[in-house]
K.L.:
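I have a structure here, written as structure tokens, and I will follow up with some questions on it.
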Amino acid sequence: MTEQPIHLRIRRQDRPDSAPYWQEFAIPGRSDHNIVSLLMALRENPVTVSGQRVDPVVWEHNCMEEVCGACALLINGVPRPSCSALVAELEQPIRLEPLPKFPVVRDLLVDRRRIDQGLKQVKAWIKIDGVWDTHEGAPRIGPSEWAANYLYSRCMSCGCCMAACPQFGTDSDFLGPAPLAQVRLMNAHPTGRYDKTERLHAIMADGGLSDCGNAQNCVRVCPKEIPLTTAIGELGRQTTVQLLKDIFGPR
Amino acid sequence: MSKPNVIVIGGGLGGLWATLRIAHAGFPVELFSLFEVKRSHSVCAQGGINAVLDSKGQHDSIRQHIIDTVKGGEYLANQPPVKAMCEDAPGLIRTFERMGVTFSRTSEGLLDQRLFGGVKNKRTCFAGASTGQQLLYGVDQQVRRLESEDKVVKHEWWEFLSLLLDADGVCRGIVAMDLKSLEVRAFAADAIVVASGGMGQLYAPKSTTSTNSTGAAASRCYRQGAWMANAEFFQFHPTAMMGHDKNRLMSEAARGEGGRIWVPKTPGDRRPPKTIPESERFYFLEEFFPAYGNTVARDEAARAIWTVTRQMGLGIGGDGGDRVYLDLTHLDAAFIGARLGAILEIYRKFAGVDPMTEPMEIFPAAHYGMGGLWVDFERSADGGIQPDSPRNHATNIPGLYACGECDYAYHGANRLGANSLLSASYSGRIAGESVVSYLKGLASDGASLAPEIPQAEVARQQAINADLMRADGADTPYLIQKELGALMTAKVGVVRSNPELESAVGELQVLRDRLRNARLGESSTWSNQSLAFARQLGDMIELAGVVARGALARDECRGAHYKPAFRIPIPEGKFAGDPEFETYRARWHANNAQWLKTTIAEHTEDGPRLSYQEVDLSVYPPTEPRDYR
Ligand SMILES: Cc1cc2nc3c(=O)[nH]c(=O)nc-3n(C[C@H](O)[C@H](O)[C@H](O)COP(=O)(O)OP(=O)(O)OC[C@H]3O[C@@H](n4cnc5c(N)ncnc54)[C@H](O)[C@@H]3O)c2cc1C
Ligand code: SF4
Ligand code: SF4
Ligand code: FES
């Protein structure tokens, strides 16, 4: 593999409240580079195509194995993790922008705390008595049920699905697909189901499930292939049942 | 006096477990992390976590888990903590299970277990191919719940810079930096737990770890008086796939299923691998180890690759030709697809090349720092550790605790696959219990920290920032880190020699001087990542010095530390009773008497001062040399 200049157009922003601007770079690299390794090469010598020395580009990355979820960007207009985006697959010049819908901190770094807030809102956890051993064996979960749950447990809060969702955004209080899918996961757990009602009420409130317009953008971009719309569908049935219970039945 | 509070540094498995344990005991916890805790390096682990559940009809026993761990670490681990860890492992798994971790299941709906490197029994619990991620999320969710109950406060995107020690040398808080505003601030606490993870980045990019596994936080504690132990022991994984950013792990399974490792016989042969005829390929593992061939143990494979690339000059690829081929292309595609699907996928995804049609390029990569901050333990009457003793996981600085990969205990954990997730989780919980006991024992009229101390320390840290911002030398920190990684990989790597280690110590000094004059290349006071990185790099160079000095001093071969000049080979064809074998046995005992010790490094201005400490061998003493013939 020989080195060739790789063209990058990067949208930059110095501060959360300052105006964005574009810069263009040509970095010698090979086609087995990914976007994270290119940005690493760039920070060693951040000079634009017009020869101007600029500040190194700020972005977030950790694992470089597509499992920590930190490095998601808008790459050629598509939200995706940058560590698994190979240069060879991308049309040049490669356009890098911060993940939309989340406040920009600087350059390509965004603040995704809203995902975390969403997880709190829907109580995405199993209530346990304490972190000591209770000497109880594990509750049984059959292999097919396990397989369905496992899909959802891989969500790495990268935010790609939220970035792609037309209903999620700074002006809307929609929770977004990722926290919703966690409700599906927690409600299916043998202990987690004890708090099912509470979680369902959380997503029946404003900003909850009914804000989803079913545009299906989220599933298309999820790098972990999490069946978000399937979860949303299942939750729709669960909330309907819950609604009837709320009206007629005992809780 | 208000309720004592605790600071935990690090939100990987170790830090989150400690946080949970302390918060559940009713003490407020402030948790610091460089980024959102669920992005911690712990998510990278795929393989699994060990616990003897004996669910496979193999009569597996906790005793055997202890022995495997002790032997895996070539007797360097203090045995009471190892015993206690192995005994607690099943309970830990049950607790994870209750948290909702999606462990893989058998057809009966029970926890499944599989076989993992270095052991004979199926003892490894796993969650698909993402065990670390699932375990971390289990504890992360619990911490989020406590956070919503105001029992835990998270400071994400805050970097720990230094400890606040009072006049008696007791740890009373920390100084940390907001990575966005670069504000430097002091935080008081009655006890501190460091759980800052490993230091694989000393070898970057030839490391399998996340970019944040720099060891900088542990190095900062070391500089302030905490001891480092066994830093020279670094595990290298033989088959990592190359990358510009890092090396990704290629599971041992690729060799197990029939993968062959080779290089072209002619140095510098640039032909595409598929066009090189069989007769011109050197299948060196098969030649060096006729009995085991490609499935030879991790250490041996890593050393053989080293010999072929570094000493024989036969490596392929750029960068001085340091890679070899791991070839699966001769195998049946359907078989390989079914057995190795997950790892083939990783290679395809990250190298853009299909390992079914092209041989993979691999290299032994730095994987796990087995040394770290020294921590204490209190032995119990039954030979384990005393529950709730405030000594467990305490560093030598009063009030400072360490757990997870940044501490040195449970040595051998990672030479036995799937033991490090266990040790990170277990040690986190124990450190948490220990801190709770420490807090309960604190005198209620505990003198508070004189205000001058945090003020002075904040000012000192701000001055370091200002100096770095002003410096205008020739190198950028990123270039210096590249050189650090190359130096460590070349001279403090898989195979070591004293002349090379000595030269490494000298070169590290040069890197340190160059860093002092480096140029950040930016002066922004908002989210200046170069500044944070330059600071970490200084601490990494310091730590690299401890690794190199420790390796230089240790004239023997033990586990991950290998110096051929001091090898004591088993005489070929000789067995117990033969005079040659008895001479060997005597040398083995003599070597143990000198070197079966914990290396302790203490910081001084002139570099680390080394001393050695006895290992507690009370559970399973080494009486006979290992002999696997
Ligand atoms: C590729 C790979 C695969 C692995 N697979 C396995 C496996 O299958 N089984 C197994 O048992 N082990 C495995 N391991 C090892 C295991 O993953 C680690 O040993 C373990 O996860 C370490 O956990 P930890 O909590 O100590 O640290 P980490 O998870 O690394 O967490 C460190 C934390 O410290 C924080 N931090 C660091 N410095 C600072 C600072 N200055 N200020 C504030 N916060 C700071 C970070 O933000 C982070 O939250 C693997 C390792 C690698 C590299
Ligand atoms: S299906 Fe719902 S959650 Fe998904 S993108 Fe569309 S609106 Fe958003
Ligand atoms: S659901 Fe998928 S896209 Fe959305 S945050 Fe999780 S991993 Fe990312
Ligand atoms: S760096 Fe972790 S997902 Fe890309």
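Every heavy atom of this structure was used, including side-chain atoms; hydrogens, water molecules and symmetry mates were not. Chain identifiers are assigned alphabetically (A, B, ...) following the order of the sequence lines, protein sequences preceding nucleic acid strands; residue numbering begins at 1 within each chain. Everything numeric here is computed off the predicted structure, so don't read it as measured data.
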K.L.:
So what's closer than 4.5 Å to chain B heavy atoms on A:Val54: side chain, backbone, both or neither?
P.N.:
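For A:Val54, backbone heavy atoms alone lie under 4.5 Å from chain B.
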K.L.:
For residues A:Glu60 and B:Phe35, report the shortest heavy-atom separation together with the two atoms involved.
P.N.:
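Result for this residue pair: OE2-CB, 3.7 Å.
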K.L.:
Answer with side chain, backbone, both or neither: which region of B:Ser130 has an atom nearer than 4.5 Å to a non-hydrogen atom of chain A?
P.N.:
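Contact with chain A: backbone and side chain both.
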K.L.:
Who wins among A:Glu145, A:Arg140, A:His135, A:Gln182 for the most heavy-atom pairs under 4.5 Å with chain B?
P.N.:
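Counting heavy-atom pairs under 4.5 Å, the top option is A:Arg140.
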K.L.:
If you measure from the Lys or Arg side-chain nitrogens to the Asp or Glu carboxylate oxygens, is any gap between B:Arg98 and A:Glu136 under 4.0 Å?
P.N.:
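Salt bridge flag = no for A:Glu136 with B:Arg98.
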K.L.:
Between A:Cys63 and B:Ser210, what is the shortest heavy-atom contact and its length?
P.N.:
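Minimum heavy-atom separation between A:Cys63 and B:Ser210: CA-OG, 3.6 Å.
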K.L.:
Has A:Glu91 got more than 12 heavy atoms of other residues, nucleotides or ligands less than 6.0 Å from its CD?
P.N.:
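No, not enclosed.
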K.L.:
Need one label for A:Asp116: side chain, backbone, both or neither, based on atoms under 4.5 Å from any heavy atom in chain B.
P.N.:
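Both backbone and side chain.
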K.L.:
So which pairs with a foot in residues 10-24 of chain B pass side chain to side chain donor-acceptor pair (under 3.5 Å), sequence neighbours left out?
P.N.:
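Sorted pair list: B:Arg21-B:Glu433.
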K.L.:
Within the structure provided, determine whether A:Tyr150 and B:Ser104 are in side-chain contact (heavy-atom separation under 4.5 Å).
P.N.:
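Contact flag for A:Tyr150/B:Ser104 side chains = no.
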K.L.:
Just so I understand: if I count every heavy-atom pair under 4.5 Å between each of B:Ala127, B:Gly432, B:Pro477 and chain A, which residue has the most?
P.N.:
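If we count pairs closer than 4.5 Å to chain A, B:Ala127 comes out on top.
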K.L.:
What residue, out of A:Val36, A:Val87, A:Thr134, has the most heavy-atom pairs lying under 4.5 Å from chain B?
P.N.:
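So the answer, after comparing A:Val36, A:Val87, A:Thr134, is A:Thr134.
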K.L.:
Taking all non-hydrogen atoms of both residues into account, name the closest pair between B:Val43 and A:Val67 and its distance.
P.N.:
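The answer is O-CG2, 3.6 Å.
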K.L.:
Heavy-atom cut-off 4.5 Å, strictly under: side chain, backbone, both or neither for B:Thr208 against chain A?
P.N.:
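When you check distances to chain A, only backbone atoms of B:Thr208 fall under 4.5 Å.
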K.L.:
Identify which part of A:Met64 has an atom lying under 4.5 Å from any heavy atom of chain B, answering side chain, backbone, both or neither.
P.N.:
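Both backbone and side chain.
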K.L.:
Quick one: which of B:Arg145, B:Glu156, B:Gln134 has the most heavy-atom pairs under 4.5 Å with chain A, could you say?
P.N.:
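It is B:Arg145.
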K.L.:
Heavy-atom cut-off 4.5 Å, strictly under: side chain, backbone, both or neither for B:Gln46 against chain A?
P.N.:
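Only the side chain of B:Gln46 comes within 4.5 Å of chain A.
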K.L.:
Which bit of A:His33 comes within less than 4.5 Å of chain B, counting heavy atoms only: side chain, backbone, both or neither?
P.N.:
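For A:His33, heavy atoms of backbone and side chain both lie under 4.5 Å from chain B.
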K.L.:
Measuring heavy-atom distances to chain A, does B:Tyr137 have an atom under 4.5 Å in its side chain, in its backbone, in both, or in neither?
P.N.:
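Contact with chain A is through the side chain of B:Tyr137 alone.
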K.L.:
Among A:Ala147, A:Gly142, A:Gly130, which has the most heavy-atom pairs under 4.5 Å with chain B?
P.N.:
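Option with the greatest count: A:Gly130.
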K.L.:
With a 4.5 angstrom heavy-atom cut-off, could you sort out which part of A:Pro139 is near chain B: side chain, backbone, both or neither?
P.N.:
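Both the backbone and the side chain of A:Pro139 come within 4.5 Å of chain B.
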K.L.:
Against chain B, label A:Arg113 side chain, backbone, both or neither, depending on which of its atoms sit under 4.5 Å from a heavy atom there.
P.N.:
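When you check distances to chain B, atoms from both the backbone and side chain of A:Arg113 fall under 4.5 Å.
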K.L.:
When only pairs under 4.5 Å are counted, which of B:Gly352, B:Gly138, B:Gly100 shares the most heavy-atom pairs with chain A?
P.N.:
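With the most close heavy-atom pairs to chain A, the winner is B:Gly100.
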K.L.:
So how far is it from A:Asp107 CG to B:Gln529 CD, rounded to the nearest 0.5 Å?
P.N.:
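So the gap between those two atoms works out to 8.5 Å.
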K.L.:
Distance from B:Leu479 atom CG to A:Asn45 atom CG, nearest 0.5 Å?
P.N.:
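Here the interatomic distance stands at 8.0 Å.
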K.L.:
Given the rule in the side-chain contact (heavy atoms from CB on, under 4.5 Å) test, do A:Ser153 and B:Gln133 qualify, once you have shown the distances and angles that lead to the verdict?
P.N.:
CA-CA 9 Å; A:Ser153 67; B:Gln133 187 186 22; over 6 Å; no
K.L.:
If I measure from the heavy atoms of chain B, does A:Asp55 come under 4.5 Å with its side chain, its backbone, both, or neither?
P.N.:
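Both backbone and side chain of A:Asp55 come within 4.5 Å of chain B.
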K.L.:
Which atoms form the tightest heavy-atom contact between A:Cys83 and B:Phe350, and what is the distance?
P.N.:
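A:Cys83 and B:Phe350 have their closest heavy atoms at O-CE2, 3.4 Å.
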K.L.:
Looking at chain A, which one of B:Leu249, B:Asp88, B:Asp475, B:Asp245 has the largest number of heavy-atom pairs inside 4.5 Å, strictly under?
P.N.:
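Sorted descending by pairs with chain A, the first entry is B:Asp245.
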K.L.:
Select, from B:Glu97, B:Arg144, B:Lys246, the one with the greatest count of heavy-atom pairs under 4.5 Å involving chain A.
P.N.:
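Ranked by contacts with chain A, first place is B:Arg144.
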K.L.:
Could you please state which residues from residues 117-129 of chain A sit under 4.5 angstrom from chain B, measuring non-hydrogen atom to non-hydrogen atom, sorted by number, or 'none'?
P.N.:
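Near chain B, by residue number: A:Leu119, A:Lys120, A:Ala124, A:Trp125, A:Ile126, A:Lys127, A:Ile128, A:Asp129.
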K.L.:
For B:Phe103, is it the side chain, the backbone, both, or neither that has a heavy atom closer than 4.5 Å to a heavy atom of chain A?
P.N.:
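Backbone of B:Phe103 only, per the 4.5 Å heavy-atom cut-off to chain A.
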K.L.:
Show the numbers, then the answer: is there a side-chain contact (heavy atoms from CB on, under 4.5 Å) between B:Trp157 and A:Asp111?
P.N.:
CA-CA 10 Å; B:Trp157 292 289; A:Asp111 183 344; 4.3 Å; yes
K.L.:
Heavy atoms only: give me the nearest B:Arg94-A:Asp133 pair and the separation to one decimal.
P.N.:
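Result for this residue pair: NH2-OD2, 2.6 Å.
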K.L.:
Please report the interatomic distance OH(B:Tyr478) to CZ(A:Arg43), rounded to the nearest 0.5 Å.
P.N.:
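These two atoms lie 4.5 Å from each other.
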K.L.:
Just by distance, no angles: are the side chains of A:Asn34 and B:His244 close enough, under 3.5 Å, to form a donor-acceptor pair?
P.N.:
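Judged by distance alone, the side chains do not pair up.
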K.L.:
If only atom types and distance count, is the side chain of A:Trp146 paired as donor or acceptor with the main-chain N or O of B:Thr102 below 3.5 Å?
P.N.:
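Looks like yes, one N/O pair under 3.5 Å.
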K.L.:
Top residue by heavy-atom pair count (under 4.5 Å) with chain B, among A:Met40, A:Arg154, A:His189, A:His61?
P.N.:
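Going by pairs under 4.5 Å, I would pick A:Arg154.
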K.L.:
Quick one: of B:Glu522, B:Arg39, B:Glu36, B:His41, who has the most non-hydrogen atom pairs under 4.5 Å with chain A?
P.N.:
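Among the listed options, the one with the most contacts to chain A is B:Arg39.
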K.L.:
Please look at B:Thr106 and chain A and tell me whether the side chain, the backbone, both or neither of the residue comes under 4.5 angstrom of a heavy atom of that chain.
P.N.:
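For B:Thr106, the contact with chain A is made by the backbone alone.
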K.L.:
If you look at every heavy atom in B:Ser527 and A:Arg106, which pair is closest and at what distance?
P.N.:
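Result for this residue pair: O-NH1, 3.2 Å.
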K.L.:
Is chain A contacted by the side chain of B:Leu92, its backbone, both, or neither, given a heavy-atom distance below 4.5 Å?
P.N.:
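Neither part, no heavy atoms under 4.5 Å.
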K.L.:
Answer yes or no: is there a side-chain heavy-atom contact under 4.5 Å between B:Ile346 and A:Glu65?
P.N.:
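In short, these two side chains do not touch, never coming nearer than 4.5 Å.
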K.L.:
Nearest 0.5 angstrom please: B:Lys38 NZ to A:Ile115 CD1, how far?
P.N.:
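B:Lys38 atom NZ to A:Ile115 atom CD1 measures 7.5 Å (nearest 0.5 Å).
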K.L.:
Need one label for A:Ser144: side chain, backbone, both or neither, based on atoms under 4.5 Å from any heavy atom in chain B.
P.N.:
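Contact with chain B involves no heavy atom of A:Ser144 at all.
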K.L.:
What part of B:Ser530 lies closer than 4.5 angstrom to a heavy atom of chain A: side chain, backbone, both or neither?
P.N.:
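Looking at B:Ser530, just its side chain touches chain A.
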K.L.:
Counting heavy-atom pairs closer than 4.5 Å to chain B, which one of A:Leu39, A:Asn149, A:Leu86 comes out on top?
P.N.:
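Option with the greatest count: A:Leu86.
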K.L.:
Before accepting this row, confirm whether a basic side-chain N of the pair A:Glu44/B:Lys482 lies closer than 4.0 Å to the acidic partner's carboxylate O.
P.N.:
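Salt bridge: yes.
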K.L.:
So which part of A:Met156 gets closer than 4.5 Å to some heavy atom of chain B, the side chain, the backbone, both or neither?
P.N.:
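The answer is both parts of A:Met156.
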K.L.:
Identify which part of B:Lys180 has an atom lying under 4.5 Å from any heavy atom of chain A, answering side chain, backbone, both or neither.
P.N.:
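Contact with chain A is through the side chain of B:Lys180 alone.
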